[in-house]
Amino acid sequence: MAKKKLNIAMIGYGFMGRTHSNGFLKAPKFFNLDYEPVLKTICARNAEKAQEFATNWGYESIETDWRAVIKRKDIDLIDIASPNDTHCDIAVEAAKAGKMVMCEKPLGRTGAEAEKMLKAVEKAGVPNMVWYNYRRVPAVTLAKQWVQEGRLGRIFHYRAKFLQDWTMSQDLPQGGQGLWRLDAKVAGSGVTGDLLAHCIDTALWINGNIGSVTATTETFIKERKHVLTGKMEKVKIDDASLFLARFDNGSLATFESTRYARGHKALYTFEINGENGSLMWDLHDLHRLQYFNYKDEGPTRGWRSIHITDGDHPYMDHWWVPGLQIGYEHTFVHQAADFIQGLSSGKPASPTFKDGLATDYVTDAVLASAKSGRWVNVKKTK
Ligand SMILES: NC(=O)c1ccc[n+]([C@@H]2O[C@H](COP(=O)([O-])OP(=O)(O)OC[C@H]3O[C@@H](n4cnc5c(N)ncnc54)[C@H](O)[C@@H]3O)[C@@H](O)[C@H]2O)c1
């Protein structure tokens with residue numbers, strides 16, 4: 001039987017434009033889906049580069065203005081893979097036009113922007129999702145399942161960090177293509193909204209709501225040349241952000257992120273300590289889950305390093321044979337597949353815009369606490 005078509009418009013052909021395009025192309029090859037994703041159009045401001053991208057990835061057409069994309073009748077889904085300052089306007093207009101919306105993280109630059117986006121998709125009743133892809137690393141999904149089923153017992157601690165080192169040079173400019181992450185107008189914030197947002201999304205998913213936070217941030221290099229103006233301008237993003245959190249389940253947490261940890265490129269790790277055991281995960285070794293089970297027999301009790309590649313591990317029955325690994329790009333394939341399966345089942349796959357808003361509320365509270373030096377309560381989604 002011919003499958004229903006899911007006609008996709010991708011906004012942005014950068015890093016995420018590639019991961020999402022790959023995700024949609026691979027999902028129907030490895031998962032049994034009722035819909036066939038169709039790469040209908042790629043939208044970016046430079047027509048020549050958009051055409052190159054379209055030819056390489058198999059998009060049927062190009063557009064240079066996202067508003068024109070939203071007007072098109074032949075598009076079902078708008079996928080926002082452009083910088084943070086574009087998310088809110090595109091998502092709100094797309095929802096108004098009745099399109100499904102998938103959006104890169106952070107959902108909004110602030111909770112206020114994310115609220116508008118959530119309101120728009122709820123009013124229109126359109127399927128929506130935020131690309132917090134780390135949820136779909138099989139080892140991370142398994143960690144969530146084990147905590148949820150009570151394998152670790154009561155949780156006492158959650159510890160997460162995300163470390164990079166690419167902005168340490170004084171000479172690195174801010175703004176424009178490639179460096180928009182250093183421009184607060186475009187990015188919203190620095191590592192808080194960029195890297196910690198990932199750690200927060202995973203933590204909320206695995207360990208429940210965060211009630212309050214106390215934070216400190218630092219901008220180590222105070223002025224950088226702006227690519228678009230050519231002038232030295234104040235740097236308004238946070239280069240490093242550290243916070244303590246109290247979860248509603250009574251556990252305590254530490255979160256740390258920086259782009260000044262020399263030697264680290266993308267070291268995302270988390271550790272969870274419960275009364276019956278602990279779990280550790282590390283993005284650099286993403287197919288492994290470290291597990292300590294206090295109930296193991298005394299003499300053999302110790303940390304186990306489990307290779308999450310067997311058929312009974314999350315997602316792995318869709319891939320190769322047991323023992324063979326998958327990687328970063330597969331998380332986007334899983335997310336595309338889960339989104340499409342959610343359309344068929346009527347049970348929307350998470351994280352939805354509501355989940356994205358919850359993370360934005362935490363990052364808002366972190367930035368407010370860093371400013372005031374006080375504990376700040378995290379707003380709850382309704
Ligand atoms: N899920 C993840 O792990 C992850 C990783 C990286 C980035 N991101 C998020 O993805 C988004 C994009 O980041 P990226 O690393 O792909 O950036 P990028 O700079 O590599 O690509 C951004 C793309 O958007 C295009 N663009 C900018 N303004 C536009 C506009 N008005 N209309 C159409 N296209 C426009 C640019 O030309 C470029 O092609 C950001 O929100 C970022 O936070 C998420």
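Quick caveat, the model's predicted, so the values are computed rather than measured. Ligands are counted one by one from 1 in listed order, and the atoms in each one are counted from 1 as well.
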I need the nearest protein heavy-atom contact for [atom]: residue, atom name and distance, please.
{"atom": "atom 33 (C) of ligand 1", "answer": "Ile11 CG2, 3.7 Å"}
{"atom": "atom 25 (C) of ligand 1", "answer": "Gly12 CA, 3.9 Å"}
{"atom": "atom 43 (O) of ligand 1", "answer": "Lys105 O, 2.8 Å"}
{"atom": "atom 11 (C) of ligand 1", "answer": "Ser82 O, 3.5 Å"}
{"atom": "atom 12 (C) of ligand 1", "answer": "Ala81 O, 3.4 Å"}
{"atom": "atom 21 (O) of ligand 1", "answer": "Gly14 CA, 3.3 Å"}
{"atom": "atom 41 (O) of ligand 1", "answer": "Asn84 OD1, 2.6 Å"}
{"atom": "atom 24 (O) of ligand 1", "answer": "Pro83 CD, 3.3 Å"}

What orientation do [X] and [Y] show, parallel under 30°, tilted 30 to 60°, or perpendicular over 60°?
{"X": "Tyr158", "Y": "Phe270", "answer": "parallel"}
{"X": "Tyr328", "Y": "Phe15", "answer": "parallel"}
{"X": "Tyr291", "Y": "Trp146", "answer": "tilted"}
{"X": "Tyr260", "Y": "Phe220", "answer": "tilted"}

Exercise for the section: Could you tell me whether ligand 1 has any atom less than 4.0 Å away from a heavy atom of Tyr132? Expected result: no
Handout entry: Tyr268 to ligand 1, any heavy atom closer than 4.0 Å
Key = no
If you measure every N/O of [X] against every N/O of ligand 1, is any gap under 3.5 Å?
{"X": "His198", "result": "yes"}
{"X": "Met16", "result": "yes"}
{"X": "Phe332", "result": "no"}
{"X": "Tyr13", "result": "yes"}
{"X": "Trp180", "result": "yes"}
{"X": "Phe15", "result": "yes"}

Ligand 1-proximal atoms of [X], by part, heavy-atom distance under 4.0 Å:
{"X": "Gln177", "answer": "side chain"}
{"X": "Asp65", "answer": "neither"}
{"X": "Tyr328", "answer": "side chain"}
{"X": "Glu104", "answer": "side chain"}

I'd like to know if [X] and [Y] make a salt bridge, using a cut-off of under 4.0 Å between side-chain N and carboxylate O.
{"X": "Asp76", "Y": "Lys4", "answer": "no"}
{"X": "Arg135", "Y": "Asp201", "answer": "yes"}
{"X": "Glu113", "Y": "Lys116", "answer": "no"}
{"X": "Arg72", "Y": "Asp74", "answer": "yes"}
{"X": "Lys40", "Y": "Glu60", "answer": "yes"}
{"X": "Asp338", "Y": "Arg136", "answer": "yes"}

Handout entry: Same apolar cluster (I L V M F W Y, side chains within < 4.5 Å links), Leu289/Leu283
Key = yes
Problem - His87 neighbourhood, listing ligand 1 atoms whose heavy-atom distance to it stays under 4.0 Å - result: 41 (O)
Exercise for the section: Counting heavy atoms only, name the option from Arg18, Arg181, Arg45 that's nearest to atom 27 (C) of ligand 1. Expected result: Arg45
Exercise for the section: Check whether more than 12 heavy atoms from other residues, nucleotides or ligands sit under 6.0 Å from atom NZ of Lys236, and answer yes or no. Expected result: no
Problem - Close aromatic pair by centroid cut-off 6.0 Å: Tyr315 and His334 - result: yes
